[in-house]
Asker: 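Once you've had a glance at the structure underneath, I'll fire off some questions.
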Amino acid sequence: MTLSRKLWKHPTLVKVWKTAKAIPRGCVTTYGQLATAAGFPRAARLAGFALKNTPPGMKLPWHRVLNAQGRISLPPRSTASREQRRRLEAEGVVFLGGRVDLRRFGWRTRRDSPLLD
DNA sequence: AGGGTGACGGGCC
DNA sequence: GGGCCCGCCACCC
């Protein structure tokens, strides 16, 4: 939105958006996992940047991305954060004490969690 | 070219 | 568990 349209074609960001689209309904992932799954390990901030600058109109489950503690990373009382929580709960994701249990609802990919599955 | 900034994360107290 | 402190990638002056 606030940034230039040139960003919308940036290959790195495109990969992040594309990966985000694959997050299944009812699951959540973290910024770090999203970045890793997109091919950029240790670039969690990149994932946050990409989501923040998602091209208007692009259909993508941005609400399924939480921080590593299972919390919503948007400003606490903002309409955006409430919207995120509302959407997640509508998919059956449960919040306890403002947190989502990533072991229960976390999206598992082969690449970033070889220990599981 | 270099410094500041994020919807972040992991290591260390 | 909660702060701090860096490192991370890409963007912006």
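All values below come from the heavy atoms of this structure, side chains included, with hydrogens, waters and symmetry mates left out. Residue numbers start from 1 in every chain, and the chains themselves are labelled A, B, ... in the order their sequence lines are given, proteins ahead of strands.
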Asker: Kindly point out which of dA7(B), dA10(C), dG7(C) is positioned nearest to the side chain of W62(A)?
Answerer: dA7(B)
Asker: Does a side-chain heavy-atom distance below 4.5 Å link I23(A) with V65(A)?
Answerer: yes
Asker: Can you tell me how far P of dA10(C) sits from NZ of K15(A), to the nearest Å?
Answerer: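 Those two atoms, NZ and P, are 10 Å apart.
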Asker: Side-chain contact, heavy-atom cut-off 4.5 Å: W17(A) with H10(A)?
Answerer: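 In short, these two side chains do not touch, never coming nearer than 4.5 Å.
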Asker: When the distance from CG of L13(A) to C1' of dG6(B) is rounded to whole Å, what number comes out?
Answerer: 13 Å
Asker: Grab the CZ-P distance between R45(A) and dC9(C) for me, whole Å please.
Answerer: 12 Å
Asker: Search all heavy atoms of R64(A) against all heavy atoms of G26(A) and return the closest pair with its distance.
Answerer: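 Smallest interatomic distance, heavy atoms only, reads NE-N, 4.1 Å.
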Asker: Between L66(A) (CG) and dG9(B) (C1'), how many Å, whole number?
Answerer: 14 Å
Asker: Touch check for T30(A), heavy atoms < 4.0 angstrom, all strands: base, sugar-phosphate only, or nothing?
Answerer: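 The residue T30(A) makes sugar-phosphate contact but no base contact.
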Asker: Nearest to the side chain of L51(A) - dC8(B), dC11(C), dA7(B)?
Answerer: dA7(B)
Asker: Any residue in residues 86-100 of chain A with a heavy atom nearer than 4.0 angstrom to DNA chain B? Just list them by number, or reply none.
Answerer: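 Output list: empty, so none.
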Asker: For W17(A) and dA7(B), what is the distance between atoms CH2 and P respectively, to the nearest whole Å?
Answerer: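 About 15 Å, once rounded to whole Å.
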Asker: Closest approach of L74(A) and S81(A), non-hydrogen atoms and distance?
Answerer: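 Shortest heavy-atom contact: CB-CB, 3.8 Å.
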Asker: Is any side-chain heavy atom of V100(A) closer than 4.5 Å to one of L66(A)?
Answerer: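 Touching, per the 4.5 Å side-chain cut-off.
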Asker: Show your reasoning for whether side-chain contact (heavy atoms from CB on, under 4.5 Å) applies to F49(A) and L7(A).
Answerer: CA-CA 11 Å; F49(A) 179 87; L7(A) 280 183; 4.0 Å; yes
Asker: Take the protein atom CD1 of I72(A) and the nucleotide atom P of dG6(B), then report the distance between them rounded to whole Å.
Answerer: 20 Å
Asker: Is the cationic atom of R85(A) (NZ for Lys, CZ for Arg) positioned less than 6.0 Å from the six-membered ring centroid of F95(A) and within 45 degrees of its normal?
Answerer: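 Because its charged atom sits under 6.0 Å from the ring centre and within 45° of the axis, R85(A) does stack over F95(A).
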Asker: Could one point to a donor on the side chain of R42(A) or the base of dG10(B) with an acceptor on the other under 3.5 Å away?
Answerer: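 No, no donor-acceptor pair under 3.5 Å.
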Asker: Separation of Y31(A) atom OH from dG10(B) atom P, in whole Å?
Answerer: 14 Å
Asker: Without decimals, in angstroms, what is the distance between Q69(A) CD and dG9(B) P?
Answerer: 7 Å
Asker: Output the single nucleotide from dC9(C), dC11(C), dG10(B) whose closest atom is nearest the side chain of A43(A).
Answerer: dC9(C)
Asker: What nucleotide among dA10(C), dA7(B), dC8(C) has an atom nearest to a side-chain atom of T12(A)?
Answerer: dA10(C)
Asker: Can you tell me if H10(A) touches the phosphate of dC11(C), counting only side-chain N or O atoms and a distance under 4.0 Å to OP1 or OP2?
Answerer: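 Yes, H10(A) has a side-chain N/O under 4.0 Å of OP1/OP2 on dC11(C).
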Asker: Measure from the side-chain heavy atoms of L46(A) and tell me the nearest of dG9(B), dG7(C), dC9(C).
Answerer: dC9(C)
